[in-house]
Amino acid sequence: MTQVLCVAGARPNFMKIAPVMAALAETGIAAQLLHTGQHYDAAMSDGFFADLGIPAPDHHLEVGSGSHAVQTAEVMKRFEPVLDRVQPQAVLVVGDVNSTIACALVAAKRGVRVIHVEAGLRSYDRGMPEEINRVLTDQISDLLFTTEKSALSNLTREGIAPERVVFVGNVMIDTLHRNLARAVPAAETLGAELDDYAVLTLHRPSNVDDPGTLAALLDVIGEINRRVPVAVPLHPRTRGNVEKFGLSAKLDDLRVLPPVGYLEMLGLMRDAKLVLTDSGGIQEETTALGVPCLTLRENTERPVTIDEGTNTLVGPDPGAIRAAFEEVMANGGKSGRIPEYWDGRAAMRIAHALESWLPLRKGTRAAG
Ligand code: UD1
């Protein structure tokens, strides 16, 4: 009998589900893994399963890309029959992507309990598709595991009973701890030994879907690149838009890479002078690594990375990016401390909480 059906769908889910699957196996909780197929390129999906030792999914929905409505609806349609067949005691979802809300919603309507890992983060910006996914997933979750303390007050404000919320720390940092020694040295990924370099990741619709915004960002990155070489593992959405908007020349002098694997990215971040990003997870990983991070967004749902970590919220304005970059060049950037429970043990805390929460029957991982 499967106790927990775990869901992953897009790249940022994979580093979160890996330690959860391992901890469930270690505590003898019978789990199955379902991949929705929201991300499907080898570089966005399979590589992470291999690098992180995630067991092959027991179920694969192969939904692929589409508008938000189409992608979410496809996951829901294809998830329901699997859920009916498996009949788990609970469905566990991670993060805030479309696959997260889609599977949570199907489970909740079927009367299956929902567990949300990385609950309660809020940017308070409903223009972000992820914010809508977070708010709705938390509302229909029965058990909510949080990564930082700000999450509890966000959830309480939304009427979620504090008894349902458990502060466990950050499972993504479990993965970072587990793999840091295996990180691919930056020189190998960059094909050159560089004294100093920066890393840029950019994929948020608010930064890359408007030609003017994207062009202005690439211009200021071009300026930075003349001072410190900038490596850019390029997300498929961003690559597509750069080509569509005729901006390819702006990438010419940058060190553009295809989307890199987890171990490559870890090495790139660890050895960088600074990281510029609009990703959520990278704000947390740079804090864990002690590397200065300039976040090219107006807000963050991860305030502990600012209050305690190495993150600075800069926004998309070129002047502000320039000034923040100069600050890092002048004084080495912000140093921080490691937030509470970002200690590599978060997934084990989840598994232990589940031991008492699930009507447990010990067993091995069930076959698909
Ligand atoms: C999704 C998540 C976002 C996360 C990001 C990380 C949502 C709402 N967004 O955004 O939170 O930060 O993943 O990558 O769930 N594509 C490929 N190959 C792939 C996957 C996508 O080429 O394997 C291209 C397609 O053209 C697709 C586009 O990228 O249309 C966007 O993919 P999608 O999954 O819709 O959203 P992301 O921007 O990746």
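Order of appearance sets the numbers: ligands from 1, and atoms from 1 within every ligand. Note that these values count all heavy atoms, side chains included, but never hydrogens, waters or copies made by symmetry.
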Suppose we measure from [atom] to each protein heavy atom; which comes out shortest, and what is that distance?
| atom | value |
| --- | --- |
| atom 24 (C) of ligand 1 | Pro236 CB, 3.8 Å |
| atom 18 (N) of ligand 1 | Asp41 OD2, 2.8 Å |
| atom 17 (C) of ligand 1 | Tyr40 OH, 3.3 Å |

So for Pro12 against ligand 1, with non-hydrogen atoms under 4.0 Å, the contacting part is side chain

Which bit of His39 is near ligand 1, meaning a heavy atom under 4.0 Å away: side chain, backbone, both or neither?
->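 Contact part for His39 vs ligand 1: both backbone and side chain.
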
Working for salt bridge (charged side-chain N to carboxylate O under 4.0 Å, His left out), residues Glu308 and Arg337: CA-CA 6 Å; Glu308 298 183 27; Arg337 62 172 187 268; 3.6 Å; yes

Ligand 1 atoms nearer than 4.0 angstrom to some heavy atom of Glu130 are 2 (C), 3 (C), 9 (N), 11 (O)

If we number the atoms of ligand 1 from 1 as shown, the ones under 4.0 Å from a heavy atom of Ser65 are 21 (C), 25 (C), 27 (C), 30 (O)

Nearest-option assignment for [atom], heavy atoms, candidates [options]:
| atom | options | value |
| --- | --- | --- |
| atom 15 (O) of ligand 1 | Gln38, Glu131, Arg237, Met44 | Gln38 |
| atom 35 (O) of ligand 1 | Arg239, Met128, His203, Gln71 | Gln71 |
| atom 8 (C) of ligand 1 | Asp96, Asn98, Val97 | Asn98 |

Open item on the list: Between Glu284 and Arg302, does any side-chain N to carboxylate O distance fall below 4.0 Å?
Closed with: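 Here Glu284 pairs with Arg302 in a salt bridge, since their nearest N and O are under 4.0 Å apart.
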
Answer yes or no: is there an ion pair linking Glu326 with Arg322, defined by an N-O contact shorter than 4.0 Å?
no

Applying side chain to side chain donor-acceptor pair (under 3.5 Å) to Arg255 and not counting sequence neighbours gives none

Is the shortest N/O to N/O distance between Asn133 and ligand 1 below 3.5 Å? no

Below 4.0 Å from any atom of ligand 1, is there a heavy atom belonging to Gly240? no

Can you name the residues that form a side chain to side chain contact (heavy atoms under 4.5 Å, CB included) with Ser45, not counting sequence neighbours?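 Residues passing side chain to side chain contact (heavy atoms under 4.5 Å, CB included) with Ser45: Phe14, His35, Phe49.
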
Against the six-membered ring of Tyr341, is Arg349 placed for a cation-pi contact (under 6.0 Å from the centre, within 45° of the normal)?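 Judged by the rule, Arg349 and Tyr341 form a cation-pi pair.
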
Begin from the C-alpha positions of Thr300 and Gln283 and carry the test side-chain hydrogen bond (donor to acceptor under 3.5 Å, both in side chains) through to its verdict. CA-CA 9 Å; Thr300 180; Gln283 296 172 52; 2.6 Å; yes

- prompt: Do you see a donor-acceptor pair shorter than 3.5 Å between the side chains of Asn225 and Asp253?
  reply: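 No, because no side-chain N or O of Asn225 sits under 3.5 Å from a partner of the opposite role on Asp253.
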
